[in-house]
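Reading through the structure tokens given below for one structure.
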Amino acid sequence: MPAYLLEIFVVLLGLAMLGMEAFAGRGSRATIGLVGVAGLGLTFALLLFAVCCPEEGLSYWGIYHFDRPAAFYKGIALLSTMLVLVMAREFAPVLKRYTSQAEAHAGLGEFYSLPVFVCAGLMWMASAKDLITIFVSLEVVTMGFYVLVAYMRRNVGSLEAGVKYLILGALSTGFLVYGIAWVYGVTGEFELAAIGEVLAGGAYSERAALFAFALVAVGLGFKIAAVPFQIWVPDVYQGAPMPVTAFLSVGSKAAGFIVLLRVAEPFLGAPAINGPVVLLLAVLTCATLIYGNLGAIPQTNVKRLLAYSSIAHAGFLLMALPSVAGGGEIAGPGGGQAISFYLAGYLLMTLLCFTVLTVVRAGTGAEDLGGLAGLAKRSPLLAFAMLVGVASLAGVPLTVGFFGKFFLFNIAVQEAMRSGLWIVVSVAVLGAAAGFYYYFKIIRAMYWDDAGADGDPGGDAALQLGGLTRVAVVLLVLAVLFFGIYPAPILGLLG
Amino acid sequence: MTLLLIIFLPIIAAAAIGLGAPARLAALLASGANLFLGLVVALVVALKGDGEMHFESARQLLDSPELTLGFGVDGISATLVLLTVIVTFCAVLVSPARVAGRGEGLYYISSLLIAAGALGAFCATDLFFFYAFHELALIPTFLMIGLHGHGRDRVATAWKITIYLGAGSLVLLAGLIALYASLSPAGGATFDIAKLTELAAGGEVEPGVQAWIFLVLLIGFGTLVSLFPFHSWAAPAYAAAPTPVAMLHAGVLKKFGLYGMMRVAFPMLPEGFREPLWAGGWTPEDILLVLLLGNILYVGLVTISQRYLDRMLGASSVMHMGYAFLGIACLNAAGWGGAVFMMFAHGISIALLFALCGALRGRLDTLEMSRLGGLGARVPVTATLFAFAAFASLGLPGFANFASEITIFFAAFEGALGGDAAGLGGLQVATVLALWGVVISAVYMLRAYRNIFQGELGGDRRPDEVSPLERGVAVLMIAVLLLTGFFPNLILNLVGPALGLPH
Amino acid sequence: MPSLNEYLMVSGLLFAIGLAGVLFRRNIIVIFMCLEIMLSAANLSLVAFSRFSGQGGLPDYDAQVLVFFVITVAAAEVAVGLAIIVALFRARRTVHVEDLTSMRG
Amino acid sequence: MTTAFLILLLPLVSALAILLGVKRNPGASALVSVGSAGLCFLLALPLLGADNDAAGSFTWLAVGGLRLEIGLEVGGLARGMLLVVTLVGLLVHVFSMGYMRDDEAKARYFAGLSLFMFSMTGIVLADNLAMMFIFWELVGVSSYLLIGHWFQKNSAAEASKKAFLVNRIGDFGFMIGILLLWGSLGTVNFGEMAGRLSEGGYDATLMNWAMVCIFCGAVGKSAQVPLHVWLPDAMEGPTPVSALIHAATMVAAGVFMLAKMAFVIAVAPTAAGVVQHVGALTALLAALLATQQADIKKILAYSTLSQLGYMVMAVGFAGAQHGGAAVGEVAANSGFFHLYTHAFFKALLFLGSGAIIYACHHEQDIWKMGGLRRSMPATAATFLIGTAALAGLPPLSGFWSKDSVLALAWDNNPLLFAVGAFTAFLTAFYMTRLCVVVFFGEPRGGGARGAKEVAPVMLAPLYVLAAGAVVAGFPFAYGWFIGGGGAGIAHPHGGKALFLTILIGLALAGIAAGYLLYRDREEEPFPLKALADKLYIDEAYLVVVRVFQDAVAYVAKSVDQLLIDGLLVRGSARLAAGVGGLLRGMQVGNLQGYAFLFGLGVVFVIYIITTAVR
């Protein structure tokens, strides 16, 4: 079956869930989330078995392309959305508290269906190879997030986060569109492949091309949370409902990187402007690594800490970006592969952490490190899951996070050997070392600190978690460890 | 299969404990079985005596880059495997049967994981897993020091060792990547150590580049071995760590860096060691010689001025690493054999010392040496065991430590002054200076022994004797040291054939 | 007919005005309007580029397609944005940005 | 297994047996130890006549180009030395059974003695330097254990530590010397080294350095200046130990080693000069210090030092030329000759002093003794024999050996002869002083008043040693030890009569002076504080240790804590946290501020990318 049916199916699924919210009885509303998970799971199965993967890339109407990377990112979108829905079910009590008091009739159906629409946007984006489609799909995703972030409308933090995200997001959209206009102006094309040809050809204004790239980089830098456009991240992560934070950190970042990979490739591949582009990326990489890793050190709110960590990860991912154009010269996976792999791993470990945090948040109401105190005692499974997730984020070997980081360092070192920009590697090493500190702070809280010491409400009571969540947590732990030893399945998907 | 069993048995046991198996029993079973298997492996390798890899198993995980979950042992790794299984068994034995508060299982899980990491790293035939396994110890060490460590500084110490070693590992990782990337032919990236070594012999990498990569590896590996000036994590961490962790970390895990130098840095960068970093400048060899003297002389002096037994032992283990580096810097078979032997001997002896130190800690109110004294009259058995350990550590003949040190010293002078080579080179000068460390280590060890066990009683302390179990553990390790000290060829014949050196 | 550069200059000016508004105005509604100005500036550039890169006297319609999309997106953004701003006003009784500092650091 | 191996291993077996179980029964431990010593002596006897040098070897350690052997040779000097060691060892064992009868840790003591016998035999039988070094270290540790036998006493604990550490300093040099020889000759086997040297082609400067370094080992072990400080303190150990280890055998190991290395000294003239002068200086200095000591064992200890100085000086003449021919082996033999006569009379004197101390209830101050010749006649008689031998009265053994030592100086270096002769005078003087104060006059302390003659088990060794002290110097006796067919010992080449007159005259003068000055004194009549306080050398060392070791160590520790750990490690951690805090400060929370920063970022990005274009 043609791949684009998947997106259509997902959109229909979202609509169906909205319909359930509107027309189904009160009792069956609780199952909306389950329907979403099941529907997405079905889509995932279709993706794997009915669609994947043609020998050659397919193209429909010139605006929809389907190849291995596209399938890969569709898979990432589907998986992360499924997990976000699982999380959302755990989070429902908190949500209810902040939404339904005034309007008792408003259920949570929207909260389940919006991620599904976002997922459709993400999937479409994976198949977009021209700037127009990219822009539109990106906005579908962003628009969904605006709503999701501000979803808890009785919660000041959520609203504040929503407004900040909205204004800054729109600002970045402005730059992106303006940048796209300039790219078009310089090259006369929207198709990325054609743009690449023009840029490689050399008959254009280099300065204008670079100006265009800078504007696009601003817009996309916002999405991936690269310094200096990261400024929204901590506040929005902190304010947004926990599942949305998770979705933002995975979905939004993945979206940003898919686009950045595609858009940067023509510019990096053009000999005339390659130098400045690489330099700009190096500067952004260093700044992002420093900001993310060092800024995380003093944090005590776990969501905020993970927000800075998300910035840091963007920095690590950026290290590999300069090599996307010349992938053949790299020993080991090339830039695109490495970034994709990392994002897949990042999906697993981040969602693992957020799932645990969601349960803790729902159980104790705490979002700071104190809420995690004594978790090892209250729920050894959750503590261990969090341990694995955090270790993976920190890049401890034999977890998927290490493989990801390894591939990125692999590229960064080889780039440095070629270009002499060792500063990037040095900063990355220091940043990763600092990472041990703030990630292990979480481990410390769970295992060393005693619950109740800081008078947290949860005390020693065991935490409740639903069956589906339990399954998800166990599967995620296993996946993080399994792919930490045997990454071939993921790399195999990438081709 | 045997090797896989050795490596994964502790992991399985750790998982079993995590799922609720009786901790001590599972750990004892696993480490006991490992002790047996380790002996078998060493014996088989020794009998084959051909310097090849044995017990090889490989499962390719990736085609490009070629990544293999592969293990195998030659003489060098077999020696270290032997060291690991012995120390692990002893560490498990001296672990407390019941832990106050929570986390009984953690004691055993962490010992087993550290052991598994070390075993995996020593046996890996793949650069990636060689590196990855070593890091298995990171989190257990952090948790153990923080949860069950000693002293007021334990929290700060746990952070320090974790971040310091984490950073060192990352530097190492960068160096390893640069190494494998520059060696791998286009389109055929591989992590296979044997293949990389072969490629290195082809000599396609420029010597100048080799020198720089070597330097990065030296810093990375050096940090893990506590090479001066990257040593300040070690002594406080060992002092603060619970006994089994200190034993395993100081005794076994630390040897990973040295092993890496021998397995990776030298064979894969055959010209890097003696190539100037810049025209007419220092070579990595010069730097290493200076740094190892820093370990032996400078850290030796630091050791002298320690006031607490545990800190002193920690610093002493840093100091002794200088000799192992010296052996490696000899760049001849004798020196390398001596270095491996040294790793083995030091591993056992420092584990023994930490085991005894742990026994003392449990029975005394302080380990500040100047406040103790005369305990030899109260606890003669403990004193005797400690005397054995101390003399082993300061390099008394009869113990393996002496045999290994003397091998290294002789190796440094092997053929150095005969014929045309009349005159001392840098290595020989360094060796002469390093010899002074023999005096230094006697100073601090005897001072410690005198302050704790000899002289008049300091305060009215009536500690218990070591338990029969601790005594058995100590006797086992002393016996190993004596056996290999009297018959160093037991180890050297195992190591010898595997010493395929660059040049 | 004005040259491409003149269009671009106007467009740039418009963009700058929008940006300045975002940076210096305190009322969220006004900021939002300024953002729309920025999008319009981009649209202007697009149309200009389209006009000048066309062949045979016809503009390149690709760019104009994008302009329509941008307008659509802007409309959607306004809808969502105003909803959020209304919710904010209900909760906080303010639409001034300096009142939104509960999260920082 | 050859006899030599048996002799080597028996004491080890004894020590291990005691350690592993027999120690529960102290009496049995003593018997095991004494038995092994006796057996060794019996086994060593037939070796005297043997002419078979090599006694088998096996590879101890082999890796790469390095091969260290454990090989025994029972030739030349080793034969005599073996007999001295086993004989004196046996006697001391026997004596100890009495002396240590009531000691709490008798088993440990005898285990230590057996360990010492093992180590010492190893030195004697070693056929290469590496093996010798191994046992060299082992005698150090057995000495440490025995000096520190009464470790509950602070002084004993300190003394044992000091002994070990000072020896380690000597061994530091010794090892360097061994390494230099190994590096240049490619072997450490005595025979092979001699062969390589005789082929020529070695670097003379290197040999000088090597020999000086090796001499350091002897300086430490044989307590030569400046490393002599440990020996007087070592008297904290039980007196039989002092007799065996710190008089007769271990301290002589340095001389034995030098004698074995005479072939290197012969090609290293500068080093030979160093050896001679250090020996002479030690002889003189120690004799001077001995004249003012009050502790009976300290006097004997300084006397030992002084005699060791003689021996070292003698061996140092191995490099000297006389009449165009190197005296090499002759000099070694002369030094060794004094070593073995000294072993008899000094062991005798120490055991005698042990008997006295034992009888006086562990009183060691000679001024609290007196009149003991009446209460302990047998001990006094043997002690006087020992004194006469030490003073060099003919025809006792000391006379012959001292003659041959001083003959070398007489022929080669008048200055050193003068020093040696003056030392001989001092020797006679301080020994007479000791005897007069201890045995004559009236008892001055409670211990001396209650003194009774010691048990036969302690007297028997005294008799045997006294006999040895008398006859050991006769040519037939040293023929056994040194080997009749060898190069023999040194005799003065000219002015023989004058030479003898000077020596005998000085000895008699010393005795006379000692008797006249110290007869019927109640206390030291001529207190010379500087000498009594050992010329403040210990204090000087203390300062050196404080300044150069402890202070430097403290500085190193401070640097470690403040600079390396503090500034570099913790400082960078603080820096990271500080920067993190600063960055955190950027997150002002105000949307306007965020937009402004965003704008700044845009400017920054555009600035970078446009300036990067040329």
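Just so it is clear: chains get the letters A, B, ... in the order the sequence lines come, proteins before strands, and each one is counted from 1.
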request  = Identify which of C/Phe49, C/Phe69, C/Phe32 forms the greatest number of heavy-atom pairs closer than 4.5 Å to chain A.
outcome  = C/Phe49

request  = Select, from C/Leu39, C/Thr72, C/Val65, the one with the greatest count of heavy-atom pairs under 4.5 Å involving chain A.
outcome  = C/Leu39

message = Could you walk me through whether A/Leu148 and A/Phe111 satisfy the side chain to side chain contact (heavy atoms under 4.5 Å, CB included) test, starting with their C-alpha distance in whole Å, then the side-chain angles of each, then the deciding distance to 0.1 Å, before giving a yes or no?
response = CA-CA 7 Å; A/Leu148 282 170; A/Phe111 194 70; 3.9 Å; yes

ask   = Can you list the steps and then say if A/Tyr184 with C/Asp62 is a side-chain hydrogen bond (donor to acceptor under 3.5 Å, both in side chains)?
value = CA-CA 10 Å; A/Tyr184 170 75; C/Asp62 278 4; over 6 Å; no

Less than 3.5 Å apart, which donor and acceptor atoms pair up between the side chains of residues 294-305 of chain A and the rest of the protein, not counting sequence neighbours?
unit_1	atom_1	unit_2	atom_2	d
A/Gln299	NE2	A/Gly295	O	3.1
A/Asn301	OD1	A/Lys303	N	2.8
A/Asn301	OD1	A/Arg304	N	3.1
A/Lys303	NZ	A/Gln238	O	3.0
A/Lys303	NZ	A/Ala240	O	2.7
A/Lys303	NZ	A/Glu367	OE2	3.1
A/Arg304	NE	C/Gly105	O	2.7
A/Arg304	NH1	A/Asp235	OD1	3.1
A/Arg304	NH1	A/Gln238	OE1	2.6
A/Arg304	NH2	A/Asp235	OD1	3.0
A/Arg304	NH2	C/Arg104	O	3.2
A/Arg304	NH2	C/Gly105	O	2.5

Which of C/Ser50, C/Ala48, C/Ala91, C/Ala83 touches chain A most, by non-hydrogen pairs under 4.5 Å = C/Ser50

task = Kindly check if the number of other-residue, nucleotide or ligand heavy atoms within 6.0 Å of CZ (C/Phe68) is above 12?
result = no

key: chain A neighbours within residues 3-11 of chain C, where any heavy atom lies under 4.5 Å away   = C/Leu8, C/Ser11

inquiry  = Would you say CZ of C/Arg25 has more than 12 non-hydrogen atoms from neighbouring residues, nucleotides or ligands within 6.0 angstrom?
reply    = no

message = At a 4.5 Å cut-off on heavy atoms, which part of C/Val22 comes close to chain A: side chain, backbone, both, or neither?
response = side chain

ask   = Quick one: does A/Thr187's side chain get under 4.5 Å of A/Glu197's, heavy atoms only?
value = no

Interface moiety of A/Val177 toward chain C, non-hydrogen atoms closer than 4.5 Å = both

key: Whether A/Ser252 side chain and A/Ser249 backbone form a donor-acceptor pair below 3.5 Å   = no

inquiry  = Quick check against the 3.5 Å criterion: does A/Ser127 have a side-chain atom that pairs as donor or acceptor with the backbone of A/His65?
reply    = yes

Part of A/Val136 lying under 4.5 Å from any heavy atom of chain C = side chain

remark   = dist A/Ile180:CD1 -> A/Ile132:CD1 (nearest 0.5 Å) comes out at 8.5 Å

ask   = Which one, C/Ser102, C/Ala87, C/Ser53, leads in non-hydrogen pairs under 4.5 Å with chain A?
value = C/Ser102

note = Pair count under 4.5 Å, heavy atoms only, with chain A: among C/Glu36, C/Glu77, C/Met38, highest is C/Glu77

key: Separation of C/Arg51 CZ from C/Leu58 CG (nearest 0.5 Å)   = 8.0 Å

Side chain to side chain contact (heavy atoms under 4.5 Å, CB included) evaluation trace for A/Val259 with A/Lys223 = CA-CA 10 Å; A/Val259 175; A/Lys223 299 277 183 254; over 6 Å; no

ask   = Among A/Val163, A/Val140, A/Val149, A/Thr142, who wins on heavy-atom pairs under 4.5 Å with chain C?
value = A/Val163

query = Got more than 12 heavy atoms from elsewhere within 6.0 Å of OH, A/Tyr204?
reply = yes

request  = Please determine, among A/Gly174, A/Gly188, A/Gly169, A/Gly185, the option with the most heavy-atom pairs under 4.5 Å with chain C.
outcome  = A/Gly185

key: Donor on one side chain, acceptor on other, C/Asn43 and C/Ser40, under 3.5 Å   = no

query = If you round to the nearest 0.5 Å, how far is OH of A/Tyr438 from NZ of A/Lys441?
reply = 10.5 Å

key: Close contacts, residues 209-221 of chain A versus chain C, judged by heavy atoms under 4.5 Å   = none

request  = Name the region of A/Ala150, side chain, backbone, both or neither, that has any atom closer than 4.5 Å to a heavy atom of chain C.
outcome  = side chain

message = Does any backbone or side-chain atom of C/Ile31 lie under 4.5 Å from a heavy atom of chain A? Answer side chain, backbone, both or neither.
response = side chain

inquiry  = Run A/Ser158 and A/Tyr98 through side chain to side chain contact (heavy atoms under 4.5 Å, CB included) and show every step you take.
reply    = CA-CA 10 Å; A/Ser158 180; A/Tyr98 289 115; over 6 Å; no

key: Distance flag, aromatic centroids of A/Phe222 and A/Phe175, threshold under 6.0 Å   = no

query = Contact part of A/Tyr308 toward chain C, heavy-atom cut-off under 4.5 Å: side chain, backbone, both or neither?
reply = side chain

key: chain C contact via A/Tyr146 - side chain, backbone, both or neither, heavy atoms under 4.5 Å   = both

key: Whether A/Ser137 side chain and A/Ile134 backbone form a donor-acceptor pair below 3.5 Å   = yes

query = For C/Leu35, is it the side chain, the backbone, both or neither that has a heavy atom under 4.5 Å from a heavy atom of chain A?
reply = side chain

inquiry  = Tell me if a side-chain donor or acceptor on A/Arg262 pairs with a main-chain N or O of A/Ala128 at a distance below 3.5 Å.
reply    = yes

key: Atom pair CD/CD1 of A/Glu189 and A/Ile195 - distance to nearest 0.5 Å   = 7.0 Å

query = Are the aromatic ring centres of A/Tyr64 and A/Trp124 under 6.0 angstrom apart?
reply = no

request  = List the steps, then state whether side chain to side chain contact (heavy atoms under 4.5 Å, CB included) holds for A/Leu138 with A/Leu176.
outcome  = CA-CA 11 Å; A/Leu138 200 57; A/Leu176 181 64; 3.6 Å; yes

request  = Pick whichever of C/Ala79, C/Ala63, C/Ala41 has the most heavy-atom pairs under 4.5 Å with chain A.
outcome  = C/Ala63

query = Can you pull out the residues in residues 14-21 of chain C with any heavy atom less than 4.5 Å from chain A?
reply = C/Phe15, C/Leu19

